[in-house]
**Student:** 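The structure follows.
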Amino acid sequence: QVQFVESGGGLVQPGGSLNLSCAASRSMFSIVAMGWYRQAPGKQRELVATITSGGMTNYADSVKGRFTISRDNAKNTVYLQMNILKPEDTAVYYCNARLQSIVTKRTYDYWGQGTQVTVSS
């Protein structure tokens with residue numbers, strides 16, 4: 001069974017910082033990549049940042065230079081350090097893990113329940 005534990009969301013003023021964490025517990029899967037996506041009310045879910053098992057990262061243009069994604073493989077945890085937050089960063093942030101079954105070799109995307117980030121004065 002795959003289980004996610006997401007934390008770190010909250011209310012912060014513009015210019016502030018938050019750190020999101022997502023710990024993935026799993027059985028019979030290997031992690032291909034993990035990442036963060038976000039969805040604001042009335043908008044489509046969008047990629048924020050991803051990191052592969054090999055440490056390769058990519059970021060949405062809107063967060064480059066402000067957000068940093070990192071991974072602790074020993075803890076099966078991905079982090080998103082968010083600095084210089086802007087009101088437009090307000091959204092529900094979802095942890096994502098792309099997993100490969102050790103048995104079938106199929107890949108699957110699993111999603112966390114989301115954590116609310118609100119940037120407001």
Side-chain angles (χ1 to χ4, degrees):
Q1 179 175 257
V2 178
Q3 292 182 308
F4 288 166
V5 179
E6 297 184 47
S7 63
L11 175 64
V12 65
Q13 293 184 341
S17 298
L18 287 172
N19 187 273
L20 306 183
S21 300
C22 177
S25 299
R26 72 207 190 277
S27 178
M28 303 297 288
F29 290 93
S30 61
I31 298 177
V32 178
M34 297 186 73
W36 292 95
Y37 295 72
R38 67 186 181 187
Q39 187 169 25
K43 296 185 178 180
Q44 187 176 359
R45 185 176 297 183
E46 64 177 355
L47 181 148
V48 177
T50 60
I51 184 167
T52 69
S53 60
M56 300 295 292
T57 61
N58 71 291
Y59 297 88
D61 289 341
S62 60
V63 307
K64 287 181 179 177
R66 299 188 298 120
F67 292 10
T68 302
I69 189 170
S70 61
R71 184 174 177 177
D72 186 335
N73 290 333
K75 298 180 179 180
N76 295 324
T77 300
V78 64
Y79 305 92
L80 186 68
Q81 178 64 49
M82 305 186 293
N83 299 321
I84 320 176
L85 283 161
K86 304 175 180 179
E88 49 263 45
D89 295 318
T90 297
V92 177
Y93 284 70
Y94 296 92
C95 177
N96 167 264
R98 177 160 291 179
L99 307 177
Q100 183 176 48
S101 171
I102 296 174
V103 177
T104 69
K105 309 303 181 183
R106 291 179 178 267
T107 58
Y108 304 88
D109 282 322
Y110 289 86
W111 296 90
Q113 293 179 270
T115 183
Q116 177 70 50
V117 171
T118 302
V119 184
S120 176
S121 60

**Student:** Quick one: side chain to side chain donor-acceptor pair (under 3.5 Å) partners of Lys43, sequence neighbours excluded?
**Tutor:**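 In terms of side chain to side chain donor-acceptor pair (under 3.5 Å), with neighbours along the sequence ignored, Lys43 is linked to no residue.
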
**Student:** Do the side-chain N and O atoms of Asn73 and Arg71 include a donor-acceptor pair separated by under 3.5 angstrom?
**Tutor:** yes

**Student:** Identify the two heavy atoms, one from Phe4 and one from Cys22, that lie closest to each other, and give their separation to 0.1 Å.
**Tutor:**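 For Phe4 versus Cys22, the nearest heavy atoms are CG-SG, 4.1 Å.
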
**Student:** Can you sort out the partners of Tyr59 under ring-ring contact (aromatic ring centres under 6.0 Å, His included), two or more places apart, ordered by chain and number?
**Tutor:** none

**Student:** For the OH atom of Tyr110 and the CZ atom of Arg98, what is their distance to the nearest 0.5 Å?
**Tutor:** 12.5 Å

**Student:** Would you give the length of the straight line joining atom CZ of Arg106 to atom CD of Gln100, rounded to the nearest 0.5 angstrom?
**Tutor:**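 Output value for this atom pair is 11.5 Å.
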
**Student:** State yes or no: do Trp36 and Val32 share one hydrophobic cluster built from I, L, V, M, F, W and Y residues joined by side-chain heavy-atom distances below 4.5 Å, directly or via other members?
**Tutor:**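 Each belongs to a different hydrophobic cluster.
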
**Student:** Looking at OG1 of Thr50 and CD1 of Ile69, how far apart are the two atoms once the value is rounded to the nearest 0.5 Å?
**Tutor:**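 One finds 6.0 Å between OG1 of Thr50 and CD1 of Ile69.
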
**Student:** Is the backbone N or O of Gln113 less than 3.5 Å from a side-chain atom of Glu6, with the two atoms forming a donor-acceptor pair by type?
**Tutor:**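 Answer holds: yes.
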
**Student:** Over all heavy atoms of both residues, which pair between Ser121 and Pro14 is shortest? Give the atoms and the distance, please.
**Tutor:**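 Minimum heavy-atom separation between Ser121 and Pro14: N-CD, 3.7 Å.
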
**Student:** Test side chain to side chain contact (heavy atoms under 4.5 Å, CB included) on Thr90 and Arg38; report intermediate values, then the result.
**Tutor:** CA-CA 9 Å; Thr90 297; Arg38 67 186 181 187; over 6 Å; no

**Student:** Are any side-chain N or O atoms of Gln81 and backbone N or O atoms of Asn19, one a donor and one an acceptor, separated by less than 3.5 Å?
**Tutor:**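 Flag not set: sc Gln81 to bb Asn19 has no pair under 3.5 Å.
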
**Student:** Which atom pair, heavy atoms only, marks the closest approach of Lys105 to Ile102?
**Tutor:**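 Between these two residues, the closest heavy atoms are NZ-O, 3.2 Å.
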
**Student:** Does Ile31 share a hydrophobic cluster with Trp111, counting links as ILVMFWY side-chain heavy atoms below 4.5 Å and allowing steps through other members?
**Tutor:** no

**Student:** With clusters defined by side-chain heavy atoms of hydrophobic residues (ILVMFWY) lying less than 4.5 Å apart, directly or transitively, does Leu20 cluster with Tyr37?
**Tutor:** no

**Student:** Between Asp89 and Lys86, does any NZ, NE, NH1 or NH2 come within less than 4.0 Å of an OD or OE carboxylate oxygen?
**Tutor:**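 No, Lys86 and Asp89 are not salt-bridged.
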
**Student:** Run the side chain to side chain contact (heavy atoms under 4.5 Å, CB included) check on Cys95 and Val78 step by step: do they pass?
**Tutor:** CA-CA 8 Å; Cys95 177; Val78 64; 3.9 Å; yes

**Student:** Which atom names give the shortest non-hydrogen contact between Ala40 and Ala91, and what distance separates them?
**Tutor:** N-CB, 3.9 Å

**Student:** How many angstroms lie between atom OG1 of Thr68 and atom CG of Leu80, to the nearest 0.5 angstrom?
**Tutor:**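 Nearest 0.5 Å value for the OG1-CG distance: 8.0 Å.
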
**Student:** With clusters defined by side-chain heavy atoms of hydrophobic residues (ILVMFWY) lying less than 4.5 Å apart, directly or transitively, does Tyr93 cluster with Ile51?
**Tutor:**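 Result: yes, single cluster for both.
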
**Student:** Could you pull out all residues at least two apart from Val12 that satisfy side-chain contact (heavy atoms from CB on, under 4.5 Å)?
**Tutor:** Leu18, Leu85, Val119

**Student:** Which atoms form the tightest heavy-atom contact between Leu47 and Ala49, and what is the distance?
**Tutor:** CD2-N, 3.7 Å

**Student:** Using modelled atom types only, decide if a donor and an acceptor are shared between the side chain of Arg66 and the backbone of Ile84 within a distance under 3.5 Å.
**Tutor:** yes

**Student:** Same hydrophobic cluster for Tyr79 and Met34, using side-chain heavy-atom links shorter than 4.5 Å among ILVMFWY?
**Tutor:** no

